[in-house]
Undergrad: 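Questions regarding the structure given below will be posed in turn.
Owing to the predicted nature of the structure, the values given are computational and were not obtained by experimental measurement. Counting starts at 1 for both ligands and their atoms, in listed order.
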Amino acid sequence: MLETFSKLMEYCTYCPRLCQSACPVAMTEGNESFSPWGLMQTLNQLRKGEIPLDSELAALSYKCLTCKACTTQCEHGNEIPPVLHEVRKEAVARELAPPEISGFLNKFHKHNNPFSKDLLQKLKNILPSKYFDMNPQTIYYPSCTTIAKCPEVVHDTFELFEKLKIDFVGVYPEAIQCCGYPLISGGMEYDFIDLAEVNFHALKKYKTIVSGSPACVYTLRETYKKYDFGLPGKVVTINEFLEPYLHNINYRLKKSMRTKLMYHDPCYLSRYLNEVSLPRELIAHVSGYQPMEFFDHGECTHCSGQGGCYSITSKEASDEIARRRLEEVVEKKVQTLVTQCPSCVHKFRKNSERLVVKDLISYLNDSIEGVKE
Ligand code: SF4
Ligand code: SF4
């Protein structure tokens with residue numbers, strides 16, 4: 001099961017734990033066994049057959065946000081999440097995964113999303129019917145978490161399209177509104193394959209798929225390929241899609257939006273999709289200012305605590321990770337935090353009462369009045 005990772009694991013075994021301080025799980029839980037080094041020590045023993053895969057070891061494999069912060073600190077570029085995914089898949093297949101994971105799966109199966117809700121109906125309550133009836137070549141894929149937890153982003157995206165005179169984008173109109181990221185992340189591989197196959201047949205007719213959820217873009221663009229469901233059309237982030245319009249169209253800006261703000265890089269946008277400068281450029285373009293930075297930003301960003309099913313199996317610690325991240329915003333006396341991932345928006349809102357947490361698209365929409373005629 002883990003033989004393909006033997007070299008990586010040996011590097012970790014003899015490493016002086018260079019990435020330990022970058023790991024939010026190890027630092028927050030204060031347990032070296034949960035650090036990348038600690039995880040690889042134990043899983044190397046599993047690889048060599050010195051210890052069995054039991055429920056305790058299965059639970060250990062969920063002590064990771066899959067944030068890849070360790071990779072940026074590692075001189076070998078070691079990627080820890082794929083190792084843990086292998087163990088999670090095996091744990092799920094052998095029914096050894098933590099009970100929270102099987103509970104999650106039961107909930108997921110009710111409406112094919114993690115929220116057990118009819119999200120297509122909710123989407124229809126957010127947007128006018130014209131966006132569902134268009135038969136377009138370009139589609140906006142909202143993401144289940146955006147519809148469930150920050151629906152204003154869907155509304156703001158289409159309002160911004162209207163302001164910029166972008167009239168050819170429809171909304172994804174299918175009953176399944178989840179790309180399957182939570183399934184594959186949690187090791188539920190067979191369920192992911194079933195879902196990805198259905199989504200693939202629904203999505204393959206579009207020339208361009210636009211999403212404001214970095215985890216969805218990565219899953220649809222990269223993970224689907226690994227399972228032979230590579231989509232023929234382009235899958236792009238909302239920033240990639242909007243950039244030419246925002247730079248080339250002459251529009252009016254609201255001056256009142258020039259407030260002090262910080263930008264948080266989501267792990268999937270900065271480290272998985274390498275999109276670091278574009279969000280900052282867009283903020284500067286509409287406000288005239290660069291956003292204030294966290295000490296750990298760009299490709300060295302810290303996770304909000306919501307990633308990789310960690311919030312399902314380690315709820316309290318995952319909230320504590322978010323609160324620690326937000327301490328810096330309070331210290332810098334900033335009242336607006338802008339980011340671009342529905343999981344980060346939800347996590348930060350949940351863990352801060354007084355902070356204004358906005359998705360970048362909502363910020364852009366609030367900043368732009370309309371196109372100059
Ligand atoms: S991931 Fe890299 S830096 Fe971290 S313990 Fe392994 S070898 Fe060391
Ligand atoms: S991916 Fe993130 S949470 Fe997982 S071991 Fe690396 S730093 Fe820690």
Undergrad: Report yes or no: is the cationic atom of Arg88 (NZ for Lys, CZ for Arg) under 6.0 Å from the centre of the six-membered ring of Tyr62, at an angle within 45° of the ring normal?
TA: yes
Undergrad: In terms of hydrophobic clusters joined by side-chain contacts under 4.5 Å, are Leu2 and Ile80 together?
TA: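 Yes, Leu2 connects to Ile80 through the hydrophobic network.
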Undergrad: For residues Arg221 and Thr237, report the shortest heavy-atom separation together with the two atoms involved.
TA: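 Closest approach of Arg221 to Thr237, heavy atoms only: NH2-N, 4.3 Å.
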Undergrad: Is Cys70 close enough to atom 6 (Fe) of ligand 2 to have an N, O or S atom under 2.8 Å?
TA: yes
Undergrad: For atom 8 (Fe) of ligand 2, what's the nearest protein heavy atom and its distance?
TA: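 Result for atom 8 (Fe) of ligand 2: Cys23 SG, 2.4 Å.
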Undergrad: Numbering the atoms of ligand 1 from 1, which are under 4.0 Å from a heavy atom of Cys12?
TA: 1 (S), 5 (S), 6 (Fe), 7 (S)
Undergrad: Indicate if the distance from atom 4 (Fe) of ligand 1 to the nearest N, O or S atom of Cys15 falls below 2.8 Å.
TA: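 So Cys15 does not bind atom 4 (Fe) of ligand 1 by this criterion.
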Undergrad: Which option, Leu18, Asn78, Thr13, Thr71, owns the non-hydrogen atom nearest atom 1 (S) of ligand 1?
TA: Asn78
Undergrad: Under 4.0 Å from any heavy atom of Leu65, which atoms of ligand 2 are there?
TA: 3 (S), 4 (Fe)
Undergrad: Which residue supplies the protein heavy atom nearest to atom 2 (Fe) of ligand 2, what is that atom called, and how far is it?
TA: Cys67 SG, 2.3 Å
Undergrad: Does either side chain, that of Tyr224 or that of Asn199, offer a donor lying less than 3.5 Å from an acceptor on the other one?
TA: yes
Undergrad: Quick one: look up the protein heavy atom nearest atom 5 (S) of ligand 2 and list residue, atom name and how far away it is.
TA: Pro36 CG, 3.6 Å
Undergrad: Would Cys74 count as a contact for atom 6 (Fe) of ligand 1, in the sense that one of its N, O or S atoms lies under 2.8 Å from it?
TA: no
Undergrad: So, Glu90 and Arg94, do they make that salt bridge, N to O below 4.0 Å?
TA: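 A salt bridge is present here (some side-chain N lies under 4.0 Å from a carboxylate O).
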Undergrad: Heavy-atom count around Lys332 NZ within 6.0 Å, excluding the residue itself: above 12?
TA: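 Yes, because the 6.0 Å sphere around NZ of Lys332 holds more than 12 heavy atoms from other groups.
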Undergrad: Which of the atoms of ligand 2 are close to Lys68, meaning less than 4.0 Å from one of its heavy atoms?
TA: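 In order of numbering, the contacting atoms are 1 (S), 2 (Fe).
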Undergrad: Please state which protein non-hydrogen atom is closest to atom 4 (Fe) of ligand 2 and give its distance, to 0.1 Å?
TA: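 For atom 4 (Fe) of ligand 2, the nearest protein heavy atom is Cys64 SG, 2.3 Å.
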Undergrad: Exactly one of Cys67, Cys344, Ser343, Pro24 should register a side-chain contact (heavy atoms from CB on, under 4.5 Å) with Cys267. Which one does?
TA: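 That would be Cys67; it is the only one of Cys67, Cys344, Ser343, Pro24 passing the side-chain contact (heavy atoms from CB on, under 4.5 Å) with Cys267.
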Undergrad: On a heavy-atom basis, which atom in His264 and which in Cys303 lie closest, and how many Å separate them?
TA: CE1-C, 4.5 Å
